[in-house]
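Some notes on the structure that comes next.
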Amino acid sequence: MRRILAQSRKELTQIVRDWRTLALALALPLVMLLLMSAALSLTVYDLPIIVQDFDGSSASNHFIDVFRASITFHVIAWPVDKPAEAALASNAARAVLIIPPHFGRDQASGVNSPVQLIVDASDANTAKLVSGDALQIANAYNQQIAAPAPVQAAFRLWFNPGLSSKKFYGPGVFVLALSMFPPLLAGLAMARESEQKTILQVYVSSISAHEFLLGKIFAFMVVALGEAVVMSAFLFTYFGLTFAGDPTPVFVATILYTFCVASFGTMIGVKIPNQTAAMQVVALGGFLLVFLLSGLMFPVQNIPIGLRWISNFVWGRYFIEIVRDALLQGGGWPAVWYKVIFIGIIGSIFYLLAWNGMRKMQVKS
Amino acid sequence: MAEGHTQVIAATPVREVDRDAAEGLAATPAIDARDLTKRYGKVEAVRGIKLEVRPREIFGLIGPDGAGKTSTFQILAGVMEATSGVANIFGSPAREMRSQTGYLTQSFSLYPDLTVAENIRYCGDLRRISPQQIVARGQQYLRMFDMDRFADRLAGKLSGGMRQKLSLICALVPQPRILLLDEPTTGVDPVSRREFWDALAHLSADGLTILVATPYLDEAERCHRIAFMHQGQILQIGSSTELCASLNAKRIELRTPDLRKTESILASHSGPDDDILDVQRFGDRLDLLVRDPDQAQQQVTEELTRAGVSIEEMHVDQPTLENTFVARLRALGQDLHSSEFPSRHNHSSLRGQIAIDAKSLLKDFDGFTAVKNVSLQIRNGEVYGLLGANGAGKTTTIRMLCGLLEPTGGSMELAGATGNLRSEAVRKRIGYMSQKFSLYDDLSIRQNLDFFAGVYGVPDAEREEKIRWVLSFSGLEGKQDQLTGSLPGGWKQRVAFGAAILHEPDILFLDEPTSGVDPLARRAFWTMINRLADTGAAILVTTHYLEEAEQCNRLGMMVAGELVAEGTPSGIKSRQTGHLLQLIVDQPQRAVDLLKHTTEGWRVSLFGERLHLITEDAPEIAIQQTTQQLEAAGLRVFSAREDRFSLEDVFISIVEKARLEGKVSLEK
C-alpha cells in the first residue's frame, strides 16, 4: 500500500509540475462544453425559404402568413418567373414552397389542394427537421380552416421539453472530455518512463507490477475526478442541469469510469513505449470510438449493423447512458445497474492487459 | 570546496551494513556470473562470460563501445533476463537480490521534472525505506556530496556532475550491498569525477561491493581488479598492474617539439615484430611501448636525428592501463581503418583569417549570468579547446559563438558576418556537433546521413562518397540500415561527428565530441580534427579528457561563466606555480586521505595508482616531509619524484582556486 501511495504521489507531483498540461486538461473540456452547446443545435431557426405563389389569392396569402409566423422559417420574396432551383443552388434559400394557381379555388370548393415543398437535402439532418416543421405548419393551417379532425395527436416532449441542445450535449461533452484527457495524460506518463529509461529504476526495485500500475492509475483517477467536478459545476450552473432522480448510480459509475479511462491510457503507454505513438492511439480510442460509436453524437441505432456490435465494447457508451439517465430521465439503479457493471468489467480488462505487459518488471529484449 | 574535501571524509556515514556479517559472507562471492549469455535476435551481446567479484571489491569492467557491458549490467541488476547461464548476487539469483543492489544506468534514470529531494524520496519509497530514514540518509549524502543547497532544484536543471551524484545518492539511500555503475562518469568534468571516485573508495572501504564500467582508464586504475571485455567475452581479468605486466613491455615517454611528425616517423617503424611495439599519443607526449628499452631508445634517437627532430625528454616507465588497452585493441584489429576523407573543398586560402571573433560576450538567464565577459578569437587552421567544469558556461558560450543563441551583451563576428549570424551563407560554412546526440533515433544510420547531407547542401556528386566515408570512419560499414537508436552511445557519437563534417565546414564547433567514446575511437577523432585544421578549418572543441586538450593549439579555461586562463597548453602549464610531486605508495587512497588532512584538498589527487601532490615548497624538502608523514602512518612509499604538471593538474588547481575565491556559483 505504501508503495502504491508513493507511486501516486510521484505521479501527481509530476502532473502538478507540468501545470500547463494540467491546466489544458482542465480548461479544454470547458471550452468544448461551450463550443459544442453553442455551435450544435437540435432545432432550426430562421431558415431562408422562398415562396412562389402562382395563385395570389387571399387564401394563398393566408397560407404564406402561417409560414411567416413560424420561427423556423424566414420567408424571402422570389419572383414567380425566376426558376426556384436557382435559389437553392445559390444558397439564397434552403427550401422552396410552391403554391399552385388553383389553390384558392380548391380551398373554396373543399377539394384537397396539393402544395409543393422542395428542400435542400445536402444536409440531411436539417432537411428532415425542415420537412417535419413544414408539415406541422401545414397541419396547423388545415386545422384553422377546417372543422377539427376526429382524432388529434398531441405531442409532448419529455425529459428535454425545450429540445435544448445544452441539455443534450452537456452530458455528452462531460463524457467525451473524461474519455480523452485523463487517458492521454496517463498514456504519455507511462510511455515517458520507457522513453527516458526511468523505468529501469522501477524495475531494479522490487515494486510489483500491481503496485506500480495501481499507483499510476490512482493518480490519473484523481485528475479525472477533478475534471469531473469542475465540469459538473459548470453543467449545474451554466447549463442549468439538475439530477433527475437518484444520483448514486452516476457517482459510482464516475469513479469506475475514471478507473477505466486511466487504465486504458496506462495500458496503451505500456504497450507502446513511445510518447507520440501512444498519444495517437489514445486519441483514436478515447476520441473517435467514444465520439462516434457511443451514441454521444449519433444514436446507436443509426450505426450500420455491421459496426453496431462494436459499440457494445465502447466504454463511453455505458457511461453516457448512465449520465443522461441521471440528468434527464432519472431511472436510477433499476435502469442502469448493468451498465455500471459493464464499465467496471471493461476497466478491469484494460488493467489486466496493462498488467500483462508489465508483469515481468524487466527490460524486454 | 577544499574544506569540502576534508568534510567528505569526516561526513562519511557509518553504514548500517553489519561489517561482521559482510565479512562472514566473504566466502560467497558478491557477484558470481557463469556461462552468462545474452542474445538479441541474431546478435549475441554477451557470449558466455565468467565473472566473480569479491565482497568489498571495486571491480572495473572496461572494453570498447559495444562490448556488451550494459547488457551484463542489466542482467546483474535483475532488470533483464539472461538467455542462459547463472547470474548470482551473494549466492542467490540476481533477480531475487534486487533489494541488495543499487544500479546507476548510463542515462541516470532520474525524473527531470521532480526535485532532488523528490527523486530521493521516490527511490526510498520504492524500496520501502521509512520516511524518516529517507530524509535522514538523503540529507547525509547530500551533505557528503556538497549538494544540500540544491535539494529543491529540479533534477532536469542539474549539470551532468550533479545529476551523476544525485543518482548515486538515490542508489545509496536504500543501503545496498552492491553498486552497479554503468559508465557513471561519462560527460562529467575531471573535478567532479575525482570527487566521485574518492566517494567510491570510501564506500568500498565501508563494505560496499562496486562493479563499475568506465571509458576513463585512469579511473579504472583505481579498481582493485579489472575485467577486459571485448565482443561479449571477457578476455582478461586481473589487477591493473597484472594487466599492464601482461603486455610484457616497457613504456618510453617521449617529448619532442613536433609530436605529430614524431608520431608518424616512429609509427612507420613500429609493429608487433619491431622493437617499438606501438606508438600512442598521450597529451603532450608520445608513449612508446617497447620490448627492450635500451635498444628502442637508441633506435628512436637515430630515427629522429635523421629526420631533424630534437628530443626534449625521454624516460622509461611502466605502461599505463590506457597504453595496455589501446595496444590490446589494436592487436585485436579494432583500430579504425577509415578510408581517406574525401575532401573536395580546400579552405587553406582562409588560413590565418579570423573565423570567430567574440568581444565581451554576456548571457543572462532570468537574473542568472551564465556567461560573463568572454572574449575570444579563433583563426582558420586553429584548434581551440574550451575547458571547464560542468555548468561553467561552455555550452552556452558555444551556442552564442555559432549564432544559435543571442548574447545579452557584447559583439560577435562569425565568418566575417556581424549582423545575421544565421544567414544561409554563414550557416553553410559552420558545422555544429551538440553535446546531446543530434541524430534521429528512429531513422536508420543511412537515413540520418542522407538527411544531414541534404540539409547541409552537400552536392549530389559528393554525397555518396562522403556517406561511405562516415560509415567507414564509424566502423559501421554494412550496418547502415540499422536504427540509430539501437547503437551503443560511443558509436552514435562517431556517426554524429561524421554527420557534422559532411559538408566540410570551415568553422566547426564540437561540444564534447569524445564523451563516452572508447580510447581508440577517441584517437581517430583527434586525427580527424587535426586533419581538418590542417586544411584550414577553424575548430572549437570542448572535452573533459584533458590529455586530449593538449592537442589543441590554444586553450581557454572557464570557471563560473568567466574565461580565467587562456593560452597554449604549455603556456598555461608554465604559469602554474609550485611543484608537482608524483608518489607511488602501497595504499594510494589512504595516502590521499591522510594528505588531505594536512594540506588543501585540491593539492592532492590520484591518477590511477599514482598520487600527485602540488607543493609550494622546494621539491626535495617536500618529498622528504611527505615520505616521513606517510611512513609514520604505516604506509610504504615506493617512489617519489618531481614530475611535470599535466593539464589535468593545472585544470583542477585553477578550478579549485577559483572556487576558493568564492566563485562557487558553478550552478545556477
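Because only heavy atoms are used, hydrogens play no part in the values below, and waters and symmetry mates are left out as well, while side chains stay in. Residue numbering restarts at 1 for every chain, and letters A, B, ... go by the order of the sequence lines.
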Please give me the minimum heavy-atom distance between A:Gln362 and B:Gly78, naming the atom from each residue. NE2-O, 3.7 Å
Structural part of B:Leu104 lying under 4.5 Å from a heavy atom of chain A: neither
Going by heavy atoms in the side chains, are B:Arg128 and A:Ile207 under 4.5 Å from each other? no
B:Ser109 to A:Thr198 - nearest heavy-atom pair and separation: C-CG2, 3.8 Å
At a 4.5 Å cut-off on heavy atoms, which part of B:Ser167 comes close to chain A: side chain, backbone, both, or neither? neither
Between B:Cys123, B:Cys170, B:Ser99, which residue shows the highest count of heavy-atom pairs closer than 4.5 Å to chain A? B:Cys123
A:Phe236, CZ: over 12 other non-hydrogen atoms inside 6.0 angstrom: yes
Side chain / backbone / both / neither for A:Glu211 at chain B, heavy atoms under 4.5 Å: side chain
Of all heavy-atom pairs linking B:Tyr122 and A:Gln201, the shortest is CD2-OE1, 4.1 Å
Hey, is NZ on B:Lys479 packed in by over 12 heavy atoms from elsewhere, all under 6.0 Å? no
Mind checking whether A:Arg17 and B:Leu154 have side chains closer than 4.5 Å, heavy atoms only? yes
Can you find a heavy atom in the side chain of A:Arg3 that is under 4.5 Å from one in the side chain of B:Asp125? no
In Å and rounded to the nearest 0.5 Å, what is the OH to NZ distance from B:Tyr111 to A:Lys10? 3.5 Å
Any idea which heavy atoms bring B:Arg95 and A:Tyr203 closest together, and the distance? NH1-O, 4.5 Å
Name the member of B:Thr115, B:Asn119, B:Leu126 that forms the most heavy-atom pairs with chain A at distances under 4.5 Å. B:Leu126
For chain B, the option from A:Gln196, A:Arg9, A:Lys197 that forms the most heavy-atom pairs under 4.5 Å: A:Arg9
Beyond-backbone contact of A:Val204 with B:Arg127, side-chain heavy atoms, under 4.5 angstrom: yes
In terms of heavy-atom pairs under 4.5 Å with chain A, which of B:Glu96, B:Arg98, B:Glu118 leads? B:Arg98
Taking all non-hydrogen atoms of both residues, which atom of B:Ile129 and which atom of A:Arg2 are closest, and how far apart? O-NH2, 2.6 Å
